[in-house]
*Asks:* 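Before anything else, here's the structure in question.
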Amino acid sequence: MLDILKKTVLAGIGATVTTKERVESVLEDLVEKGKISTQEARDMAEKIAAEGKSEFEQARREASNAFSDMIRKANFATQNDLKALEARIEKLEAEIAGK
């Protein structure tokens, strides 16, 4: 399962790099052809980067939530579960020792 998650993240990073290079190439072509100014190209690149970052953060949150749901559904014990059990054991041991 972790291997699939790792491959998915790496694929996303690869797509991001490819997309960035493609956007830069298209913007350079537009500037060279005189369709947009250098400043307009910079502004567009910044806007695209900001939107990409926002989409990446949203995807990261969704992946994190999905992973948490899978762990919860798999019925694994969490750190909180273990701490609660330790507290119960300590309480029971104290009760037994007091009798």
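Only this structure's heavy atoms are used, side chains among them; waters, hydrogens and symmetry mates stay out.
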*Asks:* To the closest 0.5 Å, what do you measure between CD (Glu86) and CD (Glu90)?
*Replies:*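 Interatomic distance, Glu86 CD to Glu90 CD, rounded to 0.5 Å: 7.0 Å.
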*Asks:* side-chain contact (heavy atoms from CB on, under 4.5 Å), that's the test. Do Glu32 and Asp29 meet it? Break it down for me.
*Replies:* CA-CA 5 Å; Glu32 288 175 10; Asp29 286 346; 4.2 Å; yes
*Asks:* What are the two closest non-hydrogen atoms of Val31 and Ser37, and how far apart are they?
*Replies:*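 Here Val31 and Ser37 meet closest at CG2-O, 3.8 Å.
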*Asks:* Does a salt bridge link Arg60 with Glu57, judged by any charged N lying under 4.0 Å from a carboxylate O?
*Replies:*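 Glu57 and Arg60: salt-bridged.
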*Asks:* As an exercise, state the distance from CD of Glu40 to CG of Leu30, rounded to the nearest 0.5 Å.
*Replies:*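 Reported to 0.5 Å precision, the distance equals 10.0 Å.
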*Asks:* I'd like a table of donor-acceptor pairs (distance under 3.5 Å, sequence neighbours excluded) in which one partner is a side-chain atom from residues 73-80, with atom names and distances.
*Replies:*
unit_1: Thr78; atom_1: OG1; unit_2: Asn80; atom_2: N; d: 3.4
unit_1: Thr78; atom_1: OG1; unit_2: Asp81; atom_2: N; d: 3.1
unit_1: Thr78; atom_1: OG1; unit_2: Asp81; atom_2: OD2; d: 3.2

*Asks:* Using every non-hydrogen atom in the two residues, find where Ala41 and Leu27 come nearest and quote the distance to one decimal.
*Replies:*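 Closest heavy-atom pair between Ala41 and Leu27: O-CD1, 3.6 Å.
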*Asks:* Kindly compute the distance separating CD1 (Ile48) from CD (Glu24), expressed to the nearest 0.5 Å.
*Replies:*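 Result: 10.0 Å between the selected atoms.
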*Asks:* Do Glu93 and Ile96 come within less than 4.5 Å of each other through their side chains, counting heavy atoms only?
*Replies:*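 They are not in contact (no side-chain heavy atoms under 4.5 Å apart), so the answer is no.
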